[in-house]
Visitor: 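Sharing a structure with you now.
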Amino acid sequence: MLKIYNTLTRTKEPLVPIETGHVRLYVCGMTVYDLCHLGHARVMVAFDVVVRYLRSRFRVTYVRNITDIDDKIIARALERGEPIDVLTRRYIDAMHEDERALGVPPPDHEPRATAHLPAIIAMIGTLIDKGYAYRADSGDVYYRVRAFAGYGALSGKSIDDLRAGARVQSGEGKEDPLDFALWKAAKPEEPAWSSPWGKGRPGWHIECSAMSIECLGTHFDIHGGGPDLKFPHHENEIAQSEAATGERFVNLWMHNGPVDVDRQKMSKSLGNFLTIRDALARYDAETLRYFLLQSHYRSPLDYSEKALTAAKTSLTRLYATLEGVTPMAGAAGADHEQRFLESMDDDFNTPLALSVLFDLAHEIHKSGKDSAQAAALAFRLHRLGGLLGLLGRPPAAFLRSGGAEVLPEVEIERLIAERDLARGERRFADSDRIREELGRRGVILEDVAGGGTRWRRR
RNA sequence: GGCUGGGUAGCAGAAUGGUUAUGCAGCGGCCUGCAAAGCCGUGUAUGCCGGUUCGAUUCCGGCCCCAGCCUCCA
C-alpha cells in the first residue's frame with residue numbers, strides 16, 4: 001500500500017484514488033520569465049519519479065501548468081523592451097529543453113494561464129456571487145479571506161497571527177489586508193483581457209484553481225509543488241476552489257524540499273541560484289538526477305561540487321556493475337525488488353530504494369557476471385533503476401561520457417591495443433607508460449580476467 | 001516573534017524501543033605482472049538535560065542550534 005505524506009494533515013496517508021485505478025495529479029509549474037534553476041529541477045525530477053512510480057500501478061493524469069502572465073513577466077518584458085509573448089515563448093522553449101535534458105517526460109497536460117481566461121473569469125464571477133470576493137474601486141477584485149472558514153489549514157497559520165504580522169501590507173481598497181487579488185485592473189501599457197470588472201489580468205493564485213479544476217475536475221487526488229508555494233499560493237488555491245465549488249478540492253498535498261547553496265535556499269530573490277544549464281555544463285544529467293534522488297524529496301538538499309562528484313562516483317558503480325552482464329529475466333532478486341517497492345511505497349523513499357540497488361550490485365559481483373544469477377539480478381537492477389529514471393543508457397555510454405579532455409575513442413582504442421601487445425610480450429614498463437598516459441588524459445583502464453581491457457572516463 | 005520541518009559516524013544519507021543501512025572516503029587482506037574494478041574483514045554516530053521503560057538514537061517534556069514559510073520565489 002502506497003503511503004504519501006500529506007502536508008495538510010502532516011501524516012503519511014494511503015493513496016486511495018477517488019476514481020478507482022486512476023490518479024489525477026496537478027503540480028504547480030514555472031513562471032516563465034527566466035531560465036529554470038536547480039529548484040525547478042528538483043520539482044521536475046521529484047514529481048517525475050512520483051509519476052513514474054504511480055504509472056507502474058495506476059492510470060495517471062499528470063498536469064503541470066505554466067504561468068505565462070504575471071507581474072514579474074511584465075516587468076521583465078518591459079525591462080528588455082520585448083513583447084511578452086516573445087519573452088514567455090523563449091523561456092517556455094528553454095524550460096522544455098531543460099526538461100528533456102533531465103530525462104523528464106512531459107506531463108499529460110501543460111495548461112497556460114493566458115489560454116484559460118474564460119475559466120478564470122467564470123470562477124471569479126462565482127466567487128463574487130457567493131460573497132467570497134468583491135470588486136474594489138480600483139477595479140481590482142479581491143478574495144475575502146475571512147469569509148473562508150478553513151483559511152490557514154494547509155500552512156498551519158491562523159488569520160489572527162497573519163494579521164498581527166507586521167509585513168502584511170494593505171492594498172488600496174482592500175477590506176482586509178490579508179485579502180488577495182483575483183483580478184488586477186490593467187495599467188495603461190499592460191496586457192489586458194476584458195472582464196465584467198473591466199480590463200485586467202488574473203491574479204497568480206486563481207489560474208491554478210481554474211486550470212486544475214478544468215483539467216482534473218473539482219475534486220482530485222494530489223496537488224504538488226515547491227516548498228515556498230505552501231503559503232500563500234496553495235492556501236489561497238484551497239480557499240478559492242472550495243469556496244467556488246463547495247466541495248473538497250484536493251485529497252493530498254505534496255511539497256518537495258528546497259535546494260540550498262551554502263546552507264541557504266537557492267532563490268531568485270537571493271540571487272544565489274544556479275540554472276539547470278549551469279549544472280548540466282558541469283555534470284551529466286543522470287548524475288544530477290541521482291544527486292536529487294539521493295535525499296528524500298521532502299528534505300532540504302545542499303548543492304555542492306563535492307556532492308555532485310560523489311553522486312557521479314556512486315552512479316558509476318551501478319553502471320560499472322551492469323557493464324559486461326547480459327540482463328535476463330529470472331527468479332533471483334525477488335526479495336530485493338520487494339524491498340525496493342516497500343521503500344518507494346513509504347512516501348517515495350528514494351535513498352532507501354537506491355540502497356537496495358547497491359545491494360543488488362553487490363550480489364551481481366558476488367555471483368560472477370557471466371552467471372545466470374547475475375543476469376537475473378542485472379535485469380532487476382536495470383528495471384528498478386528505470387522506475388527512478390536511472391540506468392537507462394547502455395553502461396558504456398555512461399561510463400565513457402564526459403571527462404575534461406575528450407580524447408577520441410579511436411585513439412583510446414589504438415593505445416589500448418598497443419598496450420595489450422606490450423603486455424603480451426611482458427614489456428610492462430611500456431604498457432604501464434601507456435596506461436599512465438591515458439590516466440593523465442582522464443581514461444581509466446580495467447583489465448578483464450579472461451583477457452581484454454575495459455575503459456571509462458573519469 | 002508566530003507556524004512548519006530537522007539535528008545520525010570524516011562527508012552524504014536512511015532506518016529503528018534491544019540486533020548490518022547504503023554510497024563515498026579510511027584501514028588490513030585476497031585477486032592482479034603492477035594497477036583498476038571486485039571480493040573478504042574492519043573502525044568511527046545518533047545536539048544537550050531530564051522523564052517513561054528491564055532497555056531510548058528511537059516515545060514524552062524542557063533547552064540549544066539549523067533550515068523553510070510568514071513578502072515575488074519551485
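Order of the sequence lines sets the chain letters (A, B, ...), proteins ahead of strands, with each chain counted from 1.
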Visitor: Could a donor-acceptor pair under 3.5 angstrom be found where the side chain of A:Lys230 meets the base of B:C69?
Guide: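 Side chain to base: no pair below 3.5 Å.
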Visitor: Using only heavy-atom distances, determine whether the side chains of A:Glu110 and A:Asn65 contain a donor-acceptor pair under 3.5 Å.
Guide: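 Distance-only check fails for A:Glu110 and A:Asn65.
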Visitor: Taking any heavy-atom pair under 4.0 Å as a contact, classify A:Val27: base, sugar-phosphate, or nothing.
Guide: nothing
Visitor: Are A:His234 and A:His255 close enough that their ring centers fall under 6.0 Å?
Guide: yes
Visitor: Using a 4.0 Å heavy-atom cut-off, does A:Ile444 contact any base of the nucleic acid, only the sugar-phosphate backbone, or nothing at all?
Guide: sugar-phosphate
Visitor: Between B:C72, B:A74, B:A15, spot the one nearest the side chain of A:Pro232, thanks.
Guide: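 Within the option list, the nearest is B:C72.
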Visitor: Identify which nucleotide among B:G5, B:C39, B:A14 has an atom closest to any side-chain atom of A:Pro351, counting heavy atoms from C-beta outward.
Guide: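 The closest nucleotide is B:A14.
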Visitor: Under 4.0 Å between any heavy atoms, over every strand shown, what does A:Arg339 touch: base, sugar-phosphate, or nothing? Just pick one.
Guide: nothing
Visitor: Give me the atom names and distance for the closest heavy-atom approach of A:Cys215 to A:Pro111.
Guide: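 Smallest heavy-atom distance, with atoms named: SG-CG, 4.0 Å.
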Visitor: Using whole Å, report how far CG of A:Asp432 lies from P of B:U32.
Guide: 16 Å
Visitor: Given B:A14, is OP1 or OP2 found less than 4.0 Å from the side-chain N or O atoms of A:Ser299?
Guide: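 A:Ser299 to B:A14 OP1/OP2: side-chain N or O found under 4.0 Å.
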Visitor: Any strand is fair game: report the nucleotide pairing with B:C34 by Watson-Crick or G-U wobble, both distances under 3.5 Å, or none.
Guide: none
Visitor: For A:Gly29 and for A:Ala320, locate the closest nucleotide of RNA chain B by heavy-atom distance; then report the residue assigned to the nucleotide nearer the 5' terminus.
Guide: A:Ala320
Visitor: Among B:A67, B:C3, B:G33, which is the nearest nucleotide to the side chain of A:Arg423?
Guide: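 Nearest to the side-chain atoms of A:Arg423, counting from C-beta on, is B:G33.
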Visitor: Checking contacts here: which listed nucleotide (B:C39, B:G33, B:G13) is nearest the side-chain heavy atoms of A:Phe428?
Guide: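 The nucleotide sitting nearest to the side chain is B:G33.
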Visitor: Does B:G26 have a Watson-Crick or wobble partner in any strand here, with both distances under 3.5 angstrom, and which is it?
Guide: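 Pairing partner: B:U42.
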Visitor: Considering every strand and a 4.0 Å limit on heavy-atom distances, what is the contact class for A:Asp302: base, sugar-phosphate, or nothing?
Guide: nothing
Visitor: For B:G1, which nucleotide in any strand shown is its Watson-Crick or wobble partner with both distances under 3.5 Å?
Guide: B:C70
Visitor: If you check every side-chain atom of A:Glu446, which of B:A74, B:G13, B:A37 has the closest atom?
Guide: B:A37
Visitor: Decide yes or no, distance alone: a donor-acceptor N/O pair under 3.5 angstrom between the base of B:C34 and the side-chain of A:Arg435.
Guide: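 Per atom types, the contact qualifies.
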Visitor: Between B:C34 and A:Asp447, counting only base atoms on the nucleotide and side-chain atoms on the residue, is there a donor-acceptor pair under 3.5 Å?
Guide: yes
Visitor: Using atom types as modelled and distance alone, determine if a side-chain donor or acceptor of A:Asn256 lies under 3.5 Å from a backbone N or O of A:Arg298.
Guide: no
Visitor: Is the closest side-chain donor-acceptor distance between A:Ser138 and A:Asp140 under 3.5 Å?
Guide: yes
